[in-house]
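These notes concern the structure reproduced below.
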Protein chains: 2
Amino acid sequence: MPATKGLASSVRMRDVAERAGVSRMTVSRALNKPDSVKPELRQRVFDAVEELGYVHNHLARSLSSSRSNVIGLVLPSLENSIFAQTVKGISDVLRPTGYHLMLAESPDNAEEEEQVISAFVAQRVGGLILHGTEHSPAAVRMLRASHTPVVENGDLPKDPIDMVVSYSNRAASKAMTLHLARLGYSKIVFAGLASNPRAEERQKGFLEALKEVGQSPDMQKIVRVSRGFVGGEEAIAHIAAHLPDTDALFCAGDVLAVGALFDCDRRGWAVPDRLAIASFDDVDLVRHVSPGITSLRLPRYEIGRRSAELLLQRINAKKSSVKKVDLGFEIVQRAST
Amino acid sequence: MPATKGLASSVRMRDVAERAGVSRMTVSRALNKPDSVKPELRQRVFDAVEELGYVHNHLARSLSSSRSNVIGLVLPSLENSIFAQTVKGISDVLRPTGYHLMLAESPDNAEEEEQVISAFVAQRVGGLILHGTEHSPAAVRMLRASHTPVVENGDLPKDPIDMVVSYSNRAASKAMTLHLARLGYSKIVFAGLASNPRAEERQKGFLEALKEVGQSPDMQKIVRVSRGFVGGEEAIAHIAAHLPDTDALFCAGDVLAVGALFDCDRRGWAVPDRLAIASFDDVDLVRHVSPGITSLRLPRYEIGRRSAELLLQRINAKKSSVKKVDLGFEIVQRAST
DNA sequence: TTGTAAGCGTTATCAG
DNA sequence: CTGATAACGCTTACAA
C-alpha cells in the first residue's frame, strides 16, 4: 500500500491536522466550509496548510463525497478558434463557483467520442458539455446510467441525451440562403465539408430555402470540399468548371469562404459582382478581408454561458425545468453580397 | 455515506464481481491486466461489465494505486489555433498508452495560472505540460513538492521547473531579423503584443540582431500593439505617422502580420516594395494571403510529441536523463519579403 | 491463476 | 463547534 512510486505529494490532511493540533474533520471543514470553524482553529489550519505545502486531494474528496468539481467539455477540434468564445462563456460562469473546466478533443465521429466520454465518466466528472451531436448508443447508455448531467451544444437534436443549448444549423442555413435570394441571387451554390450531422443539417436548410423560393432542391448545387482554405479554392474551381453561371457561393464555414475569396482575387473575379460569397460563423477574419464577408453570427459565448448555468442548476438540483434552449443566430450583411 | 445525490453511477466493481461469480480482484485484474486472468473468467467479467453497463471508477483507482492516467495541459488561450498542432502531437503519443489529455485555459499571468495548476495537482494528474513560462513561486513549490512531472513548452527558460521542450523565442526572433537584414532591409520595425515573458524575449532577439548588423538597438523601432488583426493596423498606422521610411515590418505573431498586410492593401502600399512584412509562427493563413508572408515555422507538433514522450518516460521512471530539448525553428521565405 | 485483508485520503454521520 | 468512526470503490500485498 505504501505509495513508493507514482503519485507522490505525501502531505495528507492528517499531517495538517496533527500540525494544527486538531482532528482531520476540522481541517476538512476549514477547507470546505470555513465559516463552520472557529476563527482561531481555522487560522491554525490555514497556517499548517501553508507551512506544509498541503494541496487538497480532490480524488479522495470526490470519492468520499460522491461529488466532483470538474466539468468536462468535448470539442471536435481545436483548430477552429470558434470554440474559444464558448469556452470563455463556460469559464466565466464556472470561475466563481469552484468548478473547473477540463476539455478534451475528439474527432467528429461517434466511436472516438465514446472513448473520450468514457474517460470523463470514469473520472466521475460532475457534468459534461458535448459539442458533437451524434453519439454512439453505448456512450448515451453510459451517460444515462451514470446520471451525468449533459448539455449538447452543436445543434438542436431531435432526441437529446439530456439538455441542449444551441441554435439550429438548418434554420441558420436556410435563413442565409433566403437572404441571398432576397438580395436577388438566383444561382446559389452551397459548399460544405464531408458529412457530419451538422453539415447535413446545413445542407438541408439550404435545399429547403431553394424550394421555398421556387427552385428545384438540386444536389448539383452542393459541392463537397476539403477542410481549410484549400476547400474554398476547390469550391471556386468547381464553379468555374461546372457551374459557371453561379452568382453566389454560400460556404458552410468561414475558412472556406475566405479561401474562396482569396481564390476569386487570384482569378480576377470581382466579389460580389462576378460572385457573391457568404459564410457560416462570423469570426474576426471574415470582417477583416476585403470585401468583408456576409456571415451568420452564432451565439458562441452565450452557448457556453447558458450551458454552464444549466449544468450547475441541474447539479444543484434547483430547477430541472429547462431542457432545451434555442439561442438563435443573426445575419451580418457585408460587402461580399 | 450513501450516495443519495451527486455523482451517481451506482454500478460498482463488486456488482460486476457478483454477477460474474468471481472476486472483485479478478474483475480488477481482468480490466487492468487481462492476460493475467484465465480466458473463461475474463469473458464472464467482460460480459458482466457489458450487461451492467459498468464504467471503471478512475477516481478510486487513482486513489488506491497512487497513479493517475490523466495528463494535464495548460494553455494560455484557445483563440490561437497554433496550439492545435501541439495538442495533436501530445494526443498521438498518449492515445495508445491509455493516458488521457485534459486541457485547461489560463490567461498569461502567473496568478491565474496558479489556480489552474493547483486544480490539476488537486486532481493528482500524472503529469503536466505548461505553455506559460512565468510561474508563481507557490505554483512551483506545489509542483516540486508533489513531485508532479512537468514539461514547459513556451520557451527555453533559464530556471525550468523540471523538463523543457521548446524553441528559443529570442533566437528565432533574432534569426528572422538577420534574415531581413540579409535581404537588404535596413529600417526594420518590430511589432509585438503587450508584455509577457515570451514577447519580451522576442524583442530582445530583435534588438540583438540590430546590434549585430551595426544598428543601434533602438526602442523606437518597437511598436506595442493590440491583439488581433487590429494590432497589425495599429502597427501600420504607427509606421505611417512616425516612421515613414520603414522598409520592413516584423510582427511577433501571424494575426498581426495578416492584419498589417490587409491594411497595406487598403492604403495601396505595395508589399514588399513599399513595406516588407514578416511574421512569427507559420499558420495556414499566412501562406494563403497574397503575397504569402515570410514566416518563422515553429515545431508545434513536435513539441507536443516530445513533451508527451518525456512525461511518460519520467512517469515510468525509465530515463530521467533528458531535461531540456531545443527543437529549433525554420525560416520560410515567401513573397512578402 | 485466484482470493483475502488492509488501506489509499477524504467526507458523512452522529455523538458530545 | 468539534471529534470518532465508518464508509467511498478500488488496488496492493500476501496467501492459497
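The figures that follow rest on heavy atoms only: side chains count, while hydrogens, waters and symmetry mates do not. Every value quoted in this text rests on a predicted model; they were computed, and no experiment measured them. Chain letters run A, B, ... following the sequence lines, proteins first, then strands; residues in each count from 1.
Protein atom CG of B:L59 is 10 Å distant from nucleotide atom C1' of D:dC8, rounded to whole Å. Computed from coordinates, the B:H58 NE2 to D:dG9 P distance equals 16 Å when rounded to whole Å. Distance CG (B:D15) to P (D:dG9): 9 Å, rounded to an integer number of Å. At whole-Å resolution of the value, CZ in B:R67 and P in D:dT11 are 13 Å apart. Between the P atom of C:dT10 and the NE2 atom of A:H56 lies a distance of 6 Å, rounded to the nearest Å. Remark: P of C:dA5 and CZ of B:R24 are 11 Å apart, rounded to the nearest angstrom. Atom CE of A:M13 is separated from atom P of C:dT10 by 5 Å (rounded to the nearest Å). Between A:E18 atom CD and C:dG9 atom C1' there is a gap of 14 Å when expressed in whole angstrom units.
A close approach under 4.0 Å does not occur between any side-chain nitrogen or oxygen of A:S65 and OP1 or OP2 of C:dT10. For C:dT11, one of the phosphate oxygens OP1 or OP2 lies less than 4.0 angstrom from a side-chain nitrogen or oxygen of A:S28. OP1 or OP2 of D:dG3 has at least one side-chain nitrogen or oxygen of A:S23 nearer than 4.0 Å. Distances shorter than 4.0 Å separate none of the side-chain N or O atoms of A:S62 from OP1 or OP2 on D:dC8.
Between the CG atom of A:L73 and the CE atom of A:M102 there is a distance of 12.5 Å, given to the nearest 0.5 Å. If you take CG on B:D108 and CG on B:N196, they are separated by 4.5 Å, rounding to the nearest 0.5 Å. How far CG of A:L156 is from NZ of A:K324: 6.0 Å, rounded to the nearest 0.5 Å.
Closest to the A:V22 side chain, of the nucleotides C:dG9, D:dG3, D:dC10, is D:dG3.
The shortest non-hydrogen separation linking B:S68 to B:S62 is CA-OG, 3.6 Å. The minimum heavy-atom distance linking B:R144 with B:P160 is given by the pair NH2-O, 3.3 Å.
Taking 3.5 Å as the limit, the base of C:dG7 and the side chain of B:S64 contain a donor-acceptor pair of atoms between them. In terms of polar N and O atoms assigned as donor or acceptor, the side chain of A:R12 never comes within less than 3.5 Å of the base of C:dT10 in a complementary pairing.
Heavy-atom distances to DNA chain C give each of B:G21 and A:R61 a nearest nucleotide, and the one nearer the 5′ end belongs to B:G21.
With no hydrogens or angles considered, a side-chain donor-acceptor pair links B:H135 and B:E152 at under 3.5 Å.
Proximity of residues 29-54 of chain B to DNA chain D (heavy atom under 4.0 angstrom from any strand atom) is restricted to B:N32, B:Y54.
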**OP:** Starting from the C-alpha separation in whole Å, work towards a yes-or-no answer on side-chain contact (heavy atoms from CB on, under 4.5 Å) for B:I129 and B:T86.
**Re:** CA-CA 11 Å; B:I129 303 177; B:T86 303; over 6 Å; no
